2 protein chains.
Amino acid sequence: MHLSISEENYIKAIFHLQEADGTVSTNQLAANIHTKPASVTDMLKKLTAKRLLLYKPYQGVRLSSEGRKLALEIVRKHRLWESFLVDKLQFGWDEVHEVAEELEHISSKKLVDKLDQFLGNPKFDPHGDPIPDSNGVMHAIRQVNLLDLKPHTKAEVCSVGSQSPELLELLKHKQILIGTRLEVQHKFEFDHSLEIQVEGKGKINISQQLAQALFVKII
Amino acid sequence: MHLSISEENYIKAIFHLQEADGTVSTNQLAANIHTKPASVTDMLKKLTAKRLLLYKPYQGVRLSSEGRKLALEIVRKHRLWESFLVDKLQFGWDEVHEVAEELEHISSKKLVDKLDQFLGNPKFDPHGDPIPDSNGVMHAIRQVNLLDLKPHTKAEVCSVGSQSPELLELLKHKQILIGTRLEVQHKFEFDHSLEIQVEGKGKINISQQLAQALFVKII
DNA sequence: AAAAATATTTAGATTTGTCTAAAAATATTT
DNA sequence: AAATATTTTTAGACAAATCTAAATATTTTT
């Protein structure tokens, strides 16, 4: 099934919008995609004919299972490219979205899987959003990046941003594991480093780069 | 100046075709881009209006200096992405062209420059074609990849595929420098490794990966 | 230098994705 | 439940990039 960039953008937008409501309205979609409702209706008909949507006129729309599969592929690509931009090319995590919006439309399946492998099969992107694997399986728990925790919040490490040997070496040295409980004490503006209190251990310092690679759930 | 993907493909095709003749005919372009001559004429008018082409009806076309500048940006992106795919993602150098045809249209200037840096500012792509730098300067000498040399050809090393520290370490160990003269003795099908005779030194073995990173001129 | 062959351009149609304006359906208010 | 407001769809138009068929230029052959 080959989709144009526009078609892919509709599929992706419906995927994200239906997370909340289960079903998506024409106006919602028009606002999200920055088009007019009339254009949306046209596209909904087209994608329905391709069996990617479940659509009843006036009743809103949601993805078919085939549509959902494609959406997950697009989301996977988006989040892997964001990870690449931040981890390998040293982009700031707040400046990668637009570029990833372009890169997510590159079609090669082989490219995506090799990129995934190159990045160490990360489970979460730099924003803490889960990356679907090549079968479309995505970890459901929404985790938050350690960098985004407010001071004096208690949290538990539940995932790391990648599997790179360098990261793992550092975590071992700092004795941080999945399940480690901690509390952010200070955030330093200058270098975005953190001082954290590790449960059962003392206070340690975490660099911006390390914090970016750690995902926690608030407890 | 924002160009559509189609427009970029025309600019790039004209760039490559005019290398040979200096000027490009409508039919040449149609054949190259897999369109009909009538479509080419339309696009030539459009790009001429944008001052990217020098075009006289019935007399063929060539790039304006502005057009050439854009062409070099596209070629730069294409060749950097090919280098990325081969050096970082372990693609074979014969399977990267199509993917790079897509990636070359990603517009972010910052992305290209960061990618260039990440790859160690390579001067040649995996096929031995020169990569323009961010100012559009390109090394003119067409060099050939060591892998593509026929046995018993004498050659002189004139460039390396990248500046990665790992590559440089290996070259140092093998005492291979820019200017080193050598002759290919054997090519081994099994692992694509080479046995070469280095002038003034003995016979040494070169792995496929290393040969791929060496560009020579035949002497 | 005509005639024939080839190359190029023009004219008009098609597809994709968008738009505006008007009509129809649904939802909300009175 | 009627009137009003909102949402959604339909109808018709437009720009980009392509196509086919026909007309026009240019080049080659005789």
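Predicted model only: the values in this text are computed from it and were never measured.
Rounded to whole angstrom, the span from the OH atom of B/Y55 across to the P atom of C/dA7 amounts to 16 Å. If you take CD of A/E7 and P of C/dT16, they are 9 Å apart, rounded to a whole angstrom. The distance between atom CE of A/M43 and atom C1' of C/dC19, rounded to the nearest whole Å, is 14 Å. Between the OH atom of A/Y10 and the C1' atom of C/dT16 there is a distance of 12 Å, rounded to whole Å. In this structure, A/D42 places its CG atom 9 Å from C1' of D/dT10, rounding to the nearest Å. One atom, CG of A/L47, and another, C1' of C/dT16, lie 13 Å apart when rounded to the nearest Å. The distance between atom CG of B/L29 and atom P of C/dT8, rounded to the nearest whole Å, is 10 Å. Going from atom NZ of B/K36 over to atom C1' of C/dT14 covers 15 Å, rounded to whole Å.
Residue contacts for B/T35: at a heavy-atom cut-off of 4.0 Å it reaches the sugar-phosphate backbone alone, with no base atom in range. A/P37 comes within 4.0 angstrom of a base, heavy atoms only. In this structure, A/T26 reaches the sugar-phosphate backbone alone: every heavy-atom distance under 4.0 Å involves primed, P, OP1 or OP2 atoms, never a base. B/S6 comes within contact range of the sugar-phosphate backbone alone, with a heavy-atom separation under 4.0 Å but no base atom that close.
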*Output, in order, the C-alpha distance, side-chain angles, deciding distance and verdict of salt bridge (Lys or Arg N to Asp or Glu O under 4.0 Å) for A/E66 and A/K50.*
CA-CA 10 Å; A/E66 176 72 1; A/K50 292 189 176 189; over 6 Å; no
*asked:* Evaluate A/F15 against A/Y10 for ring pair (Phe, Tyr, Trp, His ring centres under 6.0 Å), listing each step before the verdict.
replied: CA-CA 8 Å; A/F15 176 83; A/Y10 275 89; over 10 Å; no
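Counting only heavy atoms from C-beta on, A/N27 has its side chain closest to D/dT8 among C/dT10, C/dT20, D/dT8. Distance from the side chain of A/Y58 is smallest to D/dT8 among C/dT8, D/dT8, D/dT18.
Under the Watson-Crick or G-U wobble criterion, with both distances below 3.5 Å, C/dA4 is paired with D/dT27. Across all strands shown, C/dA11 forms a Watson-Crick or G-U wobble pair, both distances under 3.5 Å, with D/dT20. The partner of C/dT30 is D/dA1, by the rule that a Watson-Crick or G-U pair needs both atom distances under 3.5 Å. Using the Watson-Crick or G-U wobble rule with both distances under 3.5 Å, D/dA13 pairs with C/dT18.
Within the structure, every side-chain polar atom (N or O) of B/K45 is placed at least 4.0 Å from both OP1 and OP2 of C/dT9.
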